[in-house]
Amino acid sequence: MSDSNTSSLAFIAETTPGTTPASPDLTLLRYTGEDLRFEKETVQSQEIRSDRQIPDLVKVHQNPLGGFNFELSYEPFKTWIEAAMFTTLNTVSIVALTVAFDTSADTITATATDFADVTVGMLLKITDAADTGNNGLKRIIAKNADSSVLTTRSGEITDTNASDPISLNGIVAVNGTTKKAKTFEKKIENPAGTDFFQTFLGMLCDTLSLTISASEVVTGSAQFIGQTAALGTATIDQDAAYTAAPDSDIVNGTNNFGNLTYKGLAASEKFMSINLDLANNLRGKRALGTEGNFDVGTGTFQVTGSINAYFLDNDWLTDVQNHNDFALEFSITDPDGNAMYFWLPRCKFNSGDPVIEGINSDVMIDAPFTAIRDDSNATNTGITLAVDFIPA
């Protein structure tokens, strides 16, 4: 029998969905389990026979789908959050730029096009400011037409300075509309030492989920829908040797979870768990003469989640009952100091009530929520989710 410990998954990004790049160099994928498959659809013949037997079972479709489970780590997650958010990571690195800080307007001003590469919604790390209060992480909520002025959240600029050389750095994924298709290759070695392969092309991320629980490793899963699949006895990798996966440390909900902010303030509650679920509502497109999907259609980008907290007071219940907007942000930092920030600028609770389960138990509130497009007065970024990567 074949062993899971001698099997592997590898992948490569596609430029054209459904087409593996020429001379592909695949990268190993870090995972804890997978269910990638070509799901066959069949129809039983309705032909009537006098001997009461079924004349045929007809294959009518093959649907490449499935995904993998993983333990969260900094570098590998960049690939999968891009895929799930239909976006490309934006990296900003600006050195020794002279700017003016204005505390009354919460702005950073330079000259035209200096901030052209900055994405609204991203978290920028500012260093080298003469007034040290202006250093640190600043969330950008607006940018003017000629990219000369950035606006931060209220109170993040602490000192006015008219001429200040600074450096700005940031890496962000913001929800978008760009398909980030992948080719996957699954390798299984049999007891005789022979490798067998399955390839899946045009795979788009349909869902991505994260579970952050106290005293547990942060885990996740990603599911895909694709175009075609095939069996093989040889790898498609050009060198028949996969590139090693990034070796970032795995994070947990105890030592690596940062403060959770609610409505821009550090939450007073204590939390047992947070779940975050992204969905793209994909659909395979079928056509006459095509086995598999000739394309994958995209749907609404949905972000939902839930927070399981120890009950403290009626503040959250008031927002549940009044259906109030709220912003949510939390971070996870690995042992090397690399941090991932998750910012949902506008959310609403679906429900949420404290539950008294019985004697000798804590009163908990389980609050499911939905993130929606941010058009609030406070930020109005026009986004649903930003995930920032701040290196150590």
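This structure is a prediction, so every number in the text was calculated from the model and none was measured.
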Determine, stepwise, if the pair Asn190 / Ile188 fulfils side chain to side chain contact (heavy atoms under 4.5 Å, CB included).
-> CA-CA 7 Å; Asn190 75 2; Ile188 301 174; over 6 Å; no

Take Asp237 and Asp25 through the side chain to side chain contact (heavy atoms under 4.5 Å, CB included) test and state the conclusion after the steps.
-> CA-CA 5 Å; Asp237 188 274; Asp25 182 10; 3.7 Å; yes

Please test Leu317 against Ile365 for side chain to side chain contact (heavy atoms under 4.5 Å, CB included), starting from the C-alpha separation and ending with a verdict.
-> CA-CA 9 Å; Leu317 295 183; Ile365 179 170; 3.5 Å; yes

For Leu278 and Ile81, what are the C-alpha separation, side-chain angles and deciding distance, and is it a side chain to side chain contact (heavy atoms under 4.5 Å, CB included)?
-> CA-CA 9 Å; Leu278 282 57; Ile81 199 65; 4.0 Å; yes

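Criterion: ILVMFWY side-chain heavy atoms under 4.5 Å apart, direct or through other members. Under it, Val387 and Ile390 are not part of a common hydrophobic cluster. Under a hydrophobic-cluster definition in which Ile, Leu, Val, Met, Phe, Trp and Tyr are linked whenever side-chain heavy atoms come within less than 4.5 Å, directly or via other members, Leu231 and Met203 are assigned to the same cluster. Under the 4.5 Å side-chain heavy-atom criterion for ILVMFWY residues, a single connected hydrophobic cluster contains both Val251 and Ile274. In terms of hydrophobic clustering, with Ile, Leu, Val, Met, Phe, Trp and Tyr side chains grouped at heavy-atom distances under 4.5 Å, Ile225 and Phe200 are assigned to different clusters. Clustering ILVMFWY residues whenever any of their side-chain heavy atoms sit less than 4.5 angstrom apart, transitively, puts Val320 in the very cluster that holds Leu344.
When the shell of 6.0 Å around CG of Leu57 is examined, it contains more than 12 heavy atoms from other residues, nucleotides or ligands. Heavy-atom contacts from other residues, nucleotides or ligands closer than 6.0 Å to CG of Asp313 number more than 12. For Asn259, the CG atom is loosely surrounded, since the number of other residues' heavy atoms within 6.0 Å does not exceed 12.
In this structure a side-chain-to-backbone donor-acceptor pair under 3.5 Å is present from Asp388 to Leu123. Checking side-chain atoms of Asp51 against main-chain N and O of Gln53 turns up a donor-acceptor pair under 3.5 Å. Gln321 contributes no side-chain N or O that, together with a main-chain N or O of Asp319, makes up a donor-acceptor pair within less than 3.5 Å. Judged by distance alone, with hydrogens and angles left aside, the side-chain atoms of Asn63 form no donor-acceptor pair with the main-chain N or O of Asn293 at under 3.5 Å. Judged by distance alone, the side chain of Asp131 and the main-chain N or O of Gly133 form no donor-acceptor pair under 3.5 Å. At distances below 3.5 Å, at least one donor-acceptor pair connects side-chain atoms of Asn281 with backbone N or O atoms of Thr300. Without hydrogens or angle criteria, Arg139 side chain to Gly121 main chain gives a donor-acceptor distance under 3.5 Å. Using modelled atom types, one side-chain atom of Glu14 and one backbone atom of Gly202 make a donor-acceptor pair closer than 3.5 Å. Asn144 places a side-chain N or O within donor-acceptor distance of the main-chain N or O of Ser148, the cut-off being under 3.5 Å. Between the side chain of Asp374 and the backbone N or O of Ser376 there is at least one donor-acceptor pair closer than 3.5 Å.
Leu260 contributes atom CG, which lies 11.0 Å from atom OG of Ser268 (distance to the nearest 0.5 angstrom). Atom CD1 of Ile236 is separated from atom OG1 of Thr20 by 4.5 Å, given to the nearest 0.5 angstrom. Interatomic distance, NE2 of His323 versus CG of Asp325, reported as 8.0 Å (0.5 Å rounding). Note that CG of Asn314 is 5.5 Å distant from OG1 of Thr318, once rounded to the nearest 0.5 Å. Note that CD of Gln198 and NZ of Lys187 are 13.5 Å apart. Values are rounded to the nearest 0.5 Å. Separation of atoms CG (Asn308) and OG (Ser213) is listed at 8.5 Å; rounding is to 0.5 Å.
Between Tyr262 and Trp316, the distance separating the two ring centers is shorter than 6.0 angstrom. When ring centroids are compared, Phe271 and Phe257 stay outside the 6.0 Å threshold. Here the two rings, on Trp80 and Phe11, have centers that are under 6.0 Å apart.
Tested against Glu329, the residues Lys263, Arg346, Arg153 include a single salt bridge (charged side-chain N to carboxylate O under 4.0 Å, His left out) partner, Arg153. The only option from Asn252, Asp249, Asn255, Ile250 that meets the side-chain contact (heavy atoms from CB on, under 4.5 Å) definition with Pro335 turns out to be Asp249.
The shortest heavy-atom contact between Pro354 and Phe311 is CB-CD1, 3.8 Å. Counting all heavy atoms, side chain and backbone alike, Ala173 lies closest to Thr87 at CB-CG2, 3.9 Å. Taking both residues in full, the closest heavy atoms of Lys179 and Val296 are given as NZ-O, 2.8 Å, listed atom of the first, atom of the second, then distance. Nearest heavy atom pair, residue Ala116 against residue Lys143, reads O-NZ, 3.3 Å. Nearest heavy-atom pair, Leu28 versus Ser8, reported as atom, atom and distance to 0.1 Å: CD2-CB, 3.9 Å.
The closest side-chain donor-acceptor pair between Lys180 and Thr88 falls under 3.5 angstrom. Between the side chains of Asn350 and Thr370, at least one donor N or O lies within less than 3.5 Å of an accepting N or O. With no hydrogens or angles considered, no side-chain donor-acceptor pair links Thr127 and Asn135 at under 3.5 Å. Remark: the Glu71 side chain and the Thr32 side chain contain no N/O donor-acceptor pair separated by less than 3.5 Å. With no hydrogens or angles considered, no side-chain donor-acceptor pair links Asp106 and Thr151 at under 3.5 Å.
Ring orientation note: the planes of Phe68 and Phe224 are close to parallel, at an angle under 30° on the 30°/60° scale.
At a threshold of 4.0 Å, the pair Lys270-Asp362 does not count as salt-bridged, since none of the basic side-chain nitrogens sits closer than that to a carboxylate oxygen.
Scanning for ring-ring contact (aromatic ring centres under 6.0 Å, His included) contacts around Tyr74 gives Phe389, with sequence neighbours left out.
Annotation for Ile157: hydrophobic cluster partners, listed by chain and number, are Val92, Ile94, Leu97, Val99, Phe101, Ile108, Phe115, Val118, Met122, Leu124, Ile126, Ile140, Ile141, Leu150, Ile166, Leu168, Val172, Val174, Trp343, Ile383 (ILVMFWY side-chain heavy atoms under 4.5 Å, direct or chained).
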